[in-house]
Amino acid sequence: MAQDSAGDDDYVDWNTDDDLEIDNFQSSPSPVHSRADTLVGVAVTTSSLSSPTTETTDLVQMGFSDEIFATLFDMGFPVEMIARAIKEAGPNAETSVIIDTISKYSSDCEAGSSKSKTIDHFLAMGFDEEKVFKAIHEHGEENMEKIANALLSCPEAEKVAEVKEEDDIDWSDDEINYADLLISDDEEDPNSSNENGNQIRSLVRMGFSEVEASLAVERCGKNVDIAELTDFLSAAQMAREFSEFHTDPEEQKPRHDVKKRRLESNRESRSSVDDEPVRLPNPMIGFGLPNEPGLITSRKLPELARGPPFFYYENVALAPKGVWETISRHLYEILPEFVDSKYFCAAARKRGYIHNLPINNRFQIQPPPKYTVNEAFPLTKKWWPEWDTRTKLNCILTVTGSAQLTERIRTALEPYTGEPEPPKHVQKYVIDQCRRWNLVWVGKNKAAPLEPDEMENLLGFPKNHTRGGRMSRTERYKSLGNSFQVDTVAYHLSVLKPIFPNGIKVLSLFTGIGGGEVALHRLQIRMKLVVSVEISKVNRNILKDFWEQTNQTGVLIEFDDVQNLTNDTIEKLMERYGGFDLVIGGSPCNNLAGGNRVSRVGLEGAQSSLFFEYCRILDVVRARMRRS
DNA sequence: GCTAATATGAACGGGTGT
DNA sequence: ACACCCGTTCATATTAGC
């Protein structure tokens, strides 16, 4: 994002304030803004922030700062279970004792009735047992989405704090056996049966479950080759080959040299030849997809990466060589999770995410988006030519095709209207243009670029999210092109819901149009506090409008330039509000993105180097959270 | 109707991965 | 071989502000 609006902010410039007079600021609306109450909401008081009202939060806050808690947490144990075990075994008990205690819960569970995986899944998330049974009874055991939705829409859902039994992971060992977590156990020859009938039936005959098969068809589209479906379904097996995700004995050693290396490498250093190159997974599904059972559900984080706050960093997956290695090195050696959002919606979006979030018991927000273009935009179906075989769109960019292009395509196709299909060379021209500019068919021989509201739809934003706020059409395209895919991010952030039942305090850097905030909102995770840093004024307007329109009860504070957010200001904010639970943001990709022909110079580029500001700020937050 | 600000359209390769 | 990509820059068209 170009820093074109730096300095013209009409908010109070916090960065120049020697003293952070937040109370004064709250009670004295900006003379320019008529809605100062949205800038700093008044519903949350300091006392309610600092005095947790439920036991769960208390235990989390007590335990999470504890090394043992962090260890167990990283091993994939649910928060509630750790909390209960620590309580039972005493806060000074050794890790092994606590693990033994947890194992006892596990064997208690085995001794009882055999519960289904679905039940365990939701119990582990902390939902009330009775409600889980009810939801499963109503929606059927296989419809995880509807069950999750039913449970989440239940008003009492946030009150759950009872400890529940976990699933059948072998608790006695530090190492999680990934193979045991993979559900697709039978691997029959995919070529054994391949008739052109019902694709789902074929897949079932190949040994996939009906749920898996129907999901694959839903995800990949109905017109795709059976081979593509089997590719998709074999992702679970392929996950075993992602050696970098497995626990590496080397990885468990504390890395004392990391800090030193970070200092040494700092800004000038761009060489990462000594690092192992990161490998993009294929298919690009990260640690797994919603309702795709049996992918990686646990990982071992490097020592340095543990502990509060949670953080979530995002950037383009196909950055120049060495960039992700550098990013990873500066973010505590966590390996990136690469995900293509085409597995979450009808448009591709290949991104890398580095975070220290737990990865078990993720869930998808509701309603799930449409997976194909025809489903997402039903009106295009009527005009979509047979010879355009696309079922997914390419990545949403910051620039779109022109109206003239639509006209050129129309005149190219016009002469062949009576015929079954145009000649091959015309087809090729049209298809090439459609792919390059991400066009959809909106009329006879009429292929047009996506409208802003259609992009909002694909990216998981509410309709008209970017409308208003003095935002022009061009700016909407630009901001949307720079945004998160909400469903993807929400899936990763969903694990926060049971951990923070009372809501979270968020530091949002490079907020843009608020993809992270929208994700949290759609997860129904209350945002007690959002400190947002965004250079573009119109984007800040969008977030402010969102905050107001969704009747947020928390506090929203907006800053403009991340470079002006001093360590001192961050410290004071944390002192005032009691720290941050989540630091989230995707730094500028201008100098990394493939479309840039002028200045694709890597992390040292004028905009992309702001990544180091993310690191700086995250370090300040971590330092303080660890002190307390 | 003038000027200034902003919007639009087109030309601009190549790195990275399959 | 082929596909794809949170982009930049300039000239021109259009709109905003007076």
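Everything quoted here is computed from the prediction, not taken from an experiment. A, B, ... follow the sequence lines: proteins, then strands. Residue 1 opens every chain.
- Side-chain atoms of A:C589 lie closest to C:dC6 of the nucleotides C:dC6, C:dC5, B:dT18.
- Contact annotation: A:R435 reaches the phosphate of C:dC4 (side-chain N/O to OP1 or OP2, under 4.0 Å).
- Taking the side chain as every heavy atom from C-beta outward, A:R351 and A:F484 never approach each other to under 4.5 Å.
- Looking only at side-chain heavy atoms (C-beta outward), A:I570 and A:L565 come within less than 4.5 Å of each other.
- A distance of about 22 Å separates the C1' atoms of C:dC6 and B:dT18, rounded to the whole Å.
- One interatomic measurement links the two molecules: OH of A:Y313 to P of C:dC6, which rounds to 13 Å at whole-angstrom precision.
- For the OP1/OP2 pair of C:dC6 and a distance below 4.0 Å, the side-chain nitrogens and oxygens of A:R351 include at least one atom meeting the criterion.
- Put simply, CD on A:Q607 is 15 Å from P on C:dC6, counting in whole angstrom units.
- Dashed line: the shortest gap from a side-chain N or O of A:S472 to OP1 or OP2 of B:dT6 is not under 4.0 Å.
- Following rounding to the nearest Å, A:R600 (CZ) and B:dG13 (P) show an atom-to-atom distance of 16 Å.
- Sequence order on DNA chain B of the closest nucleotides to A:L318 and A:N596 puts A:N596 first from the 5' end.
- As rounded to whole Å, 14 Å separates atom P of C:dC6 from atom CE of A:M455.
- Taking for each of A:A319 and A:R408 the nucleotide of DNA chain B with the nearest heavy atom, the 5'-most of the two is the partner of A:R408.
- C:dC6: no Watson-Crick or G-U partner with both key distances under 3.5 Å is found in any strand.
- In the set B:dT16, C:dT8, C:dC6, the nucleotide with an atom closest to the side chain of A:V399 is C:dT8.
- A:S608 comes within 4.0 angstrom of no nucleic acid atom, judged by non-hydrogen atoms across all strands.
- Taking atom CG of A:N394 as the reference point, atom P of C:dA3 lies 11 Å away to the nearest angstrom.
- Rounded to whole Å, atom P of B:dA7 lies 14 Å from atom CZ of A:R476.
- Pairing partner, B:dT3: C:dA16, with both Watson-Crick or wobble hydrogen-bond distances short of 3.5 Å.
- Distances shorter than 4.0 Å separate some side-chain N or O of A:K321 from OP1 or OP2 on B:dG17.
- Place A:R470 and A:K428 on DNA chain C by their nearest nucleotides, and A:K428 ends up nearer the 5' end.
- Put simply, A:N590 has a side-chain N or O that comes within less than 4.0 Å of OP1 or OP2 on C:dT8.
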Donor-acceptor list for residues 441-448 of chain A side chains, cut-off 3.5 Å, not counting sequence neighbours:
residue	atom	partner	partner atom	Å
A:W441	NE1	A:D388	OD2	2.8

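- One can place CD of A:Q404 at 10 Å from C1' of C:dA13, the figure rounded to the nearest angstrom.
- At least one side-chain heavy atom of A:L458 sits less than 4.5 Å from a side-chain heavy atom of A:F377.
- Taking atom CH2 of residue A:W437 and atom P of nucleotide C:dC4, one finds them 14 Å apart after rounding to whole Å.
- Both cation-pi conditions hold for A:R622 and A:Y332: the charged atom is under 6.0 angstrom from the six-membered ring centre and inside a 45 degree cone around its axis.
- Among B:dG9, B:dA7, C:dT9, the nucleotide with an atom closest to any side-chain atom of A:V598 is C:dT9.
- A sub-4.0 Å separation between OP1 or OP2 of C:dC10 and a side-chain N or O of A:R597 is absent.
- Put simply, CG on A:L493 and CZ on A:F363 are 10.0 Å apart, with the number rounded to the nearest 0.5 Å.
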